[in-house]
Amino acid sequence: MALHLVDSDKSESIFDDYAQPAATQAIPKYKLCNNSSDPELVRNLLLDELLLDGNAKQNLATFCQTDLDSNIHVLMDKCLDKNMIDKDEYPQTAEIENRCVHILADLWHSPQSATTIGCSTTGSSEAAMLGGLALKWKWRQRREKEGKPTDKPNIITGPVQICWHKFARYFDVEIREIPMEHDRLLMTPEEVLKRVDENTIGVVPTFGVTFTLEYENVKAISEALDKLQEEKGLDIPIHVDAASGGFIAPFIQEDIVWDFRLPRVKSINASGHKYGLSPLGVGWVVWREKTDLPEDLIFRVNYLGGDMPTFALNFSRPGGQIIAQYYNFIRHGREGYKRIQQACLDHGIYIAEEVKKLGLFDLLYDGKSALPGAAWMLKKDVNPGFNLYDLSDRMRTRGWQIASYSLPANCEDMVIQRVLIRHGFSRDMADLLIEDLKRCIDYFQKNPVTHGFTEKEAGGFNHS
Ligand SMILES: *Cc1c(COP(=O)(O)O)cnc(C)c1O
């Protein structure tokens with residue numbers, strides 16, 4: 001750069017970033033500042049602050065994808081200005097969303113995979129709302145036709161993710177949640193049958209339960225409902241919450257029949273941003289056949305140009321996640337997904353075996369039959385000088401984020417620890433994790449904790 005007279009206004013720019021006022025004074029936190037600042041310096045200050053967040057790769061508490069290849073970064077950047085709702089302005093984004101819906105319909109064995117209906121959402125939560133609304137509408141149509149009251153809808157679930165509690169409260173549906181018992185942590189056909197009646201809009205098995213990672217037996221529940229229909233004439237549809245399992249079982253547990261192969265399964269949701277391998281902000285809901293989504297839930301808008309059907313809770317939303325999902329479908333294909341998910345499953349099994357060898361824990365989930373991961377509890381008769389919250393907290397000093405939490409009703413007395421294994425994890429990381437677990441256990445042997453943290457004090461992991 002040529003030597004030049006430094007303009008007094010701009011003189012700050014000759015100093016090192018960290019010697020400039022924006023860095024030598026605290027940055028404003030709760031009020032907009034009056035002046036502008038150097039953009040690169042501001043970016044760096046924000047990146048510095050974000051270092052205090054956990055390291056996503058070591059976050060074994062989340063189901064969400066944290067490892068995204070450089071092509072996804074490029075695609076996301078190029079799509080930053082695409083609004084997926086403007087289907088007339090961005091017709092190819094709309095087309096690609098549509099292709100993803102049909103790919104999933106086919107993967108989940110819809111009998112009309114080329115013509116059925118579905119959409120992207122911000123995640124499984126929004127997808128659950130849409131699936132639940134379709135159940136409610138269908139039920140109400142049936143009841144109205146029969147001249148029966150429509151004021152007391154109920155929905156039956158096992159121990160569910162919070163989104164179903166939200167659905168029930170926001171849309172005025174009674175939730176009949178089958179509580180866990182010490183000898184039964186999942187929904188069973190018997191428990192479903194105890195709760196169904198003519199006001200049941202649907203049954204929602206979870207395919208990959210948040211708390212235990214296991215699959216609820218959709219087929220057994222479907223068969224029990226078939227029998228109920230034969231005997232009592234009640235025709236109760238199923239929506240499967242396959243937030244995680246919808247992207248696992250089709251690749252590595254093909255024998256489990258949980259999807260549209262069961263005629264009673266009318267809709268399925270899954271999170272593209274979990275085992276779909278896409279960046280945060282994409283979920284999917286697909287209906288078995290077009291007629292399973294009531295027409296009057298679909299809005300048609302013409303003010304963006306064209307006549308565009310939409311079924312969503314949001315309006316504007318970024319299009320990049322959808323493009324990234326399609327990239328993953330093409331990039332990996334069936335074989336690629338299979339290898340990735342199998343590798344994750346194998347790491348989960350390995351960790352479960354190693355944890356068991358430590359002698360202090362009972363496995364609650366051994367990693368073998370459902371989602372990639374493992375879950376364990378402290379053995380009843382041991383007093384190792386720590387509880388699971390202490391252990392999670394200590395593991396955090398090495399950057400690991402491992403969820404410890406109490407199970408929901410009626411098993412609140414059971415505290416468990418759970419790890420999820422996702423794309424981006426390696427056997428080497430598993431070994432490092434086990435080494436750190438051993439190190440922490442040794443530490444507590446020398447420095448036992450006499451009063452453990454409560455869940456609140458430990459920061460209460462969420463179960464996303
Ligand atoms: C994660 C999860 C949800 C919520 O999904 P988001 O994509 O986070 O909105 C719902 N149900 C189950 C079973 C989940 O695992």
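Order of appearance sets the numbers: ligands from 1, and atoms from 1 within every ligand.
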Mind checking whether His165 and Glu177 have side chains closer than 4.5 Å, heavy atoms only? yes
Among Phe260, Trp287, Trp164, which one satisfies ring pair (Phe, Tyr, Trp, His ring centres under 6.0 Å) with His239? Trp164
Hey, mind stepping through Arg264 and Gln229 against side-chain hydrogen bond (donor to acceptor under 3.5 Å, both in side chains) and telling me if it holds? CA-CA 11 Å; Arg264 197 168 290 281; Gln229 185 172 6; 2.7 Å; yes
Using a strict cut-off of 4.0 Å, indicate which atoms of ligand 1 neighbour a heavy atom of Asp241. 10 (C), 11 (N), 12 (C), 13 (C)
Among Val204, Ile236, Ile178, Ile175, which residue satisfies the side chain to side chain contact (heavy atoms under 4.5 Å, CB included) criterion with Ile156? Ile178
N/O to N/O below 3.5 Å, does that happen between Ser125 and ligand 1? yes
With nothing but distance in play, are any N or O atoms of His273 less than 3.5 Å from an N or O of ligand 1? yes
Considering distance alone, does some N or O of Ser271 sit under 3.5 Å from an N or O of ligand 1? yes
Classify the contact between Ala243 and ligand 1 as side chain, backbone, both or neither, using a heavy-atom distance cut-off of under 4.0 Å. side chain
Only heavy atoms of Cys163, strictly under 4.0 Å: list the atoms of ligand 1 that pass. 10 (C)
Please work out which of the three classes, parallel, tilted or perpendicular, describes the rings of Phe247 and Trp108, given edges at 30° and 60°. perpendicular
If you measure from each non-hydrogen atom of Ser124 to ligand 1, which part falls under 4.0 Å: side chain, backbone, both or neither? both
Charged N to carboxylate O below 4.0 Å: is that the case for Lys356 and Glu353? no
Using a heavy-atom cut-off of under 4.0 Å, does the side chain or the backbone of Lys274 touch ligand 1, or both, or neither? side chain
Which ligand 1 atoms does Thr206 reach within 4.0 Å, using its non-hydrogen atoms? 13 (C)
What orientation do Phe329 and Tyr337 show, parallel under 30°, tilted 30 to 60°, or perpendicular over 60°? tilted
What are the atoms of ligand 1, with element, lying closer than 4.0 Å to any heavy atom of Gln161? 2 (C), 3 (C), 4 (C), 10 (C), 11 (N), 12 (C), 14 (C)
Run the numbers on Asp436 and Trp400 for side-chain hydrogen bond (donor to acceptor under 3.5 Å, both in side chains), then give the verdict. CA-CA 9 Å; Asp436 279 337; Trp400 299 109; 2.8 Å; yes
Min heavy-atom dist Gly208 to ligand 1 below 4.0 Å: yes
